[in-house]
A.B. asks: 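Would you mind keeping the following structure in view while I ask a few things?
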Amino acid sequence: MTIYHERQTRHLCGLHALNNLFQRPGMFSKAELDEYCTTLTPRSWLNPHRSWIGWGNYDVNVIMYAVQQRNREVVWFDRRRDPSCLDLTAIFGFILNVPSQMTIGQLVPLPFQMRHWLAVRRINGSYYNLDSKLRQPACLGSDDGQFLDYLREHLQPDNDHELLLVLDAVKESSASGTAEIKERWLLPQFRD
């Protein structure tokens, strides 16, 4: 399987992260994400879910809503927990939100930061960082322990990274119980 990888344009990292996560070009479009912004807040002027100049910069509400439109569920991972509690086999993919320093001409840093979305997914038995700012996907290896270390690096208390878990939607007919369904991304010993 060839790995699909969209590269960064404007402030559309949320769009690229979604398409990279689902491994399909055009799975989502800018027009579709803009429509979701309006659905979430039905006013067209200065919508709080995207950049006011129309370049994207979508917030977490749009990312979560978009994933739900593709029959997936999103869980915001509690960064106080160690990633070793995750049942990696139950997770479709990961979306990270990280700070991104703005610069003028790639040299002069501006006094504020933006946020950047990136996808991580297991493909062909290996984990890949599908960040749209990379020239190509970065293989993180096939070892679950190494991947959990990668997540730990991103979830250090001194950084401002957030982790979203993307899960396949649960079918209504599941008889496994509400608590188990709500925490199916956790290994059994970590479920409430």
Side-chain angles (χ1 to χ4, degrees), residues 3-6 8 11-23 27-28 33 36 40 49-50 56-101 113-123 125-134 137-170 179-192:
I3 298 172
Y4 177 72
H5 183 244
E6 267 183 24
Q8 182 78 23
H11 294 270
L12 295 172
C13 58
L15 171 64
H16 304 311
L18 290 166
N19 287 336
N20 289 341
L21 177 74
F22 284 92
Q23 287 292 287
M27 179 74 160
F28 296 92
L33 296 185
Y36 294 160
L40 292 166
H49 302 293
R50 66 174 174 229
N57 199 22
Y58 301 106
D59 74 5
V60 68
N61 299 293
V62 176
I63 301 301
M64 293 177 77
Y65 187 79
V67 169
Q68 292 166 353
Q69 301 312 299
R70 297 302 187 267
N71 200 31
R72 299 289 195 280
E73 182 183 347
V74 181
V75 175
W76 201 316
F77 183 70
D78 183 349
R79 60 184 293 131
R80 296 170 295 180
R81 295 184 103 151
D82 186 85
S84 63
C85 70
L86 294 173
D87 180 355
L88 298 175
T89 63
I91 300 170
F92 174 77
F94 305 83
I95 300 176
L96 282 160
N97 186 252
V98 300
S100 180
Q101 182 67 50
Q113 288 187 337
M114 301 281 287
R115 304 293 300 180
H116 179 67
W117 295 105
L118 64 104
V120 179
R121 184 163 167 204
R122 188 174 203 156
I123 304 169
S126 294
Y127 293 97
Y128 286 89
N129 177 346
L130 303 167
D131 187 347
S132 59
K133 288 187 176 182
L134 298 174
C139 182
L140 303 172
S142 60
D143 182 68
D144 287 349
Q146 287 177 321
F147 179 64
L148 292 173
D149 287 342
Y150 170 82
L151 291 179
R152 277 186 200 98
E153 282 181 39
H154 279 282
L155 299 173
Q156 293 293 316
D158 61 339
N159 68 29
D160 190 19
H161 299 192
E162 300 296 337
L163 176 64
L164 302 177
L165 312 174
V166 179
L167 315 168
D168 288 317
V170 174
E180 186 174 309
I181 291 172
K182 286 187 178 180
E183 296 183 335
R184 69 187 189 282
W185 62 89
L186 295 174
L187 292 168
Q189 64 268 31
F190 294 101
R191 295 178 186 157
D192 289 336

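Residues: numbered from 1 along the sequence shown.
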A.B. asks: What residues, two or more places apart in sequence or in another chain, satisfy ring-ring contact (aromatic ring centres under 6.0 Å, His included) together with Phe92?
C.D. replies: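 If we apply the ring-ring contact (aromatic ring centres under 6.0 Å, His included) test to Phe92, skipping adjacent residues, the hits are Phe22.
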
A.B. asks: If the condition is side chain to side chain contact (heavy atoms under 4.5 Å, CB included), which residues does Ala90 pass it with, not counting sequence neighbours?
C.D. replies: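 For Ala90 the side chain to side chain contact (heavy atoms under 4.5 Å, CB included) partners, ignoring immediate neighbours, are Asp87.
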
A.B. asks: Could you work out, with side chain to side chain donor-acceptor pair (under 3.5 Å) as the rule, every residue matching Asp78, not counting sequence neighbours?
C.D. replies: Arg80

A.B. asks: Looking at residues at least two apart in the chain, or sitting in another chain, which of them share a ring-ring contact (aromatic ring centres under 6.0 Å, His included) with Tyr128?
C.D. replies: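 By the ring-ring contact (aromatic ring centres under 6.0 Å, His included) rule, Tyr128 matches no residue at all.
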
A.B. asks: First locate atom CG of Leu86, then atom CG of Leu186, and finally report the distance between them rounded to the nearest 0.5 Å.
C.D. replies: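 The distance works out to 6.5 Å.
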
A.B. asks: Quick check: does any side chain N or O of Gln23 sit under 3.5 Å from a backbone N or O of Tyr4, one acting as donor and the other as acceptor?
C.D. replies: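 Yes; judged by distance alone, with no hydrogens or angles, the pair exists.
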
A.B. asks: How long is the span from the OG atom in Ser142 to the OH atom in Tyr127, to the nearest 0.5 Å?
C.D. replies: 9.0 Å

A.B. asks: For Asp143, give me all partners under side chain to side chain donor-acceptor pair (under 3.5 Å), at least two apart in sequence or on another chain.
C.D. replies: none

A.B. asks: Within this structure, what is the CG-CG distance for the pair Leu167 and Asn71, rounded to the nearest 0.5 Å?
C.D. replies: 11.5 Å

A.B. asks: Can you check whether Leu88's main-chain N or O pairs, donor with acceptor, with Arg122's side chain at less than 3.5 Å?
C.D. replies: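 Absent.
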
A.B. asks: Residues in side chain to side chain contact (heavy atoms under 4.5 Å, CB included) with Asp149, at least two apart?
C.D. replies: Arg152

A.B. asks: If we count only N and O atoms by modelled type, under 3.5 Å, do the side chains of Tyr36 and Asn61 hold a donor and an acceptor together?
C.D. replies: no

A.B. asks: Rounded to the nearest 0.5 Å, what's the gap from CG on Leu140 to CZ on Phe147? Could you check?
C.D. replies: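 So the CG of Leu140 and the CZ of Phe147 are separated by 7.0 Å.
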
A.B. asks: Go through the structure and list residues passing side chain to side chain contact (heavy atoms under 4.5 Å, CB included) with Val74, not counting sequence neighbours.
C.D. replies: Met64, Val67, Leu164

A.B. asks: Which atom names give the shortest non-hydrogen contact between Pro83 and Leu155, and what distance separates them?
C.D. replies: CG-CD1, 4.0 Å

A.B. asks: Within the distance-only criterion (no hydrogens, no angle test), does the side chain of His116 pair as donor or acceptor with the backbone N or O of Leu96 below 3.5 angstrom?
C.D. replies: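 Side chain of His116 to backbone of Leu96, a donor-acceptor pair under 3.5 Å: no, none is there.
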
A.B. asks: List in chain and number order the residues that pass side chain to side chain donor-acceptor pair (under 3.5 Å) with His154, two or more places apart in sequence or in another chain; answer none if no residue qualifies.
C.D. replies: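 So His154 forms a side chain to side chain donor-acceptor pair (under 3.5 Å) with Tyr150, His161.
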
A.B. asks: Assess whether a salt bridge exists between Asp168 and Arg184, defined as any Lys/Arg side-chain N lying under 4.0 Å from an Asp/Glu carboxylate O.
C.D. replies: no

A.B. asks: Taking all non-hydrogen atoms of both residues into account, name the closest pair between Asn159 and Gln156 and its distance.
C.D. replies: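 So the minimum-distance heavy-atom pair works out to OD1-O, 3.0 Å.
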
A.B. asks: Answer yes if the ring centres of Phe28 and Tyr58 are under 6.0 angstrom apart, and no otherwise.
C.D. replies: no

A.B. asks: Return the NE2 to CG distance between His16 and Leu118, rounded to the nearest 0.5 Å.
C.D. replies: 12.5 Å

A.B. asks: Of all residues at least two apart in sequence or in a different chain, which pass the side chain to side chain contact (heavy atoms under 4.5 Å, CB included) check with Glu153?
C.D. replies: none

A.B. asks: Between the side chain of Arg191 and the main-chain N/O of Glu183, is any donor-acceptor distance below 3.5 Å?
C.D. replies: yes

A.B. asks: Please report the closest heavy-atom contact between Ala66 and Leu18, naming both atoms and the distance.
C.D. replies: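 Closest approach of Ala66 to Leu18: CB-CD1, 3.8 Å.
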
A.B. asks: Considering residues at least two apart in sequence or located in another chain, which fulfil the side chain to side chain donor-acceptor pair (under 3.5 Å) criterion with Ser84?
C.D. replies: Asp82

A.B. asks: Measuring from Leu151:CG to Arg79:CZ, what's the distance to the nearest 0.5 Å?
C.D. replies: 12.0 Å

A.B. asks: Is there side-chain contact between Leu130 and Ile3, with at least one heavy-atom pair below 4.5 Å?
C.D. replies: yes

A.B. asks: Would you name the heavy atoms of Ile63 and Gly14 that are closest together and state the gap between them?
C.D. replies: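 So the minimum-distance heavy-atom pair works out to CD1-CA, 3.8 Å.
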
A.B. asks: Closest heavy-atom contact between Glu6 and Asn19?
C.D. replies: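 Shortest heavy-atom separation between Glu6 and Asn19 comes out as OE2-ND2, 2.9 Å.
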
A.B. asks: For Ala119, does its backbone N or O pair with a side-chain atom of Asn20 as donor and acceptor, under 3.5 Å?
C.D. replies: no

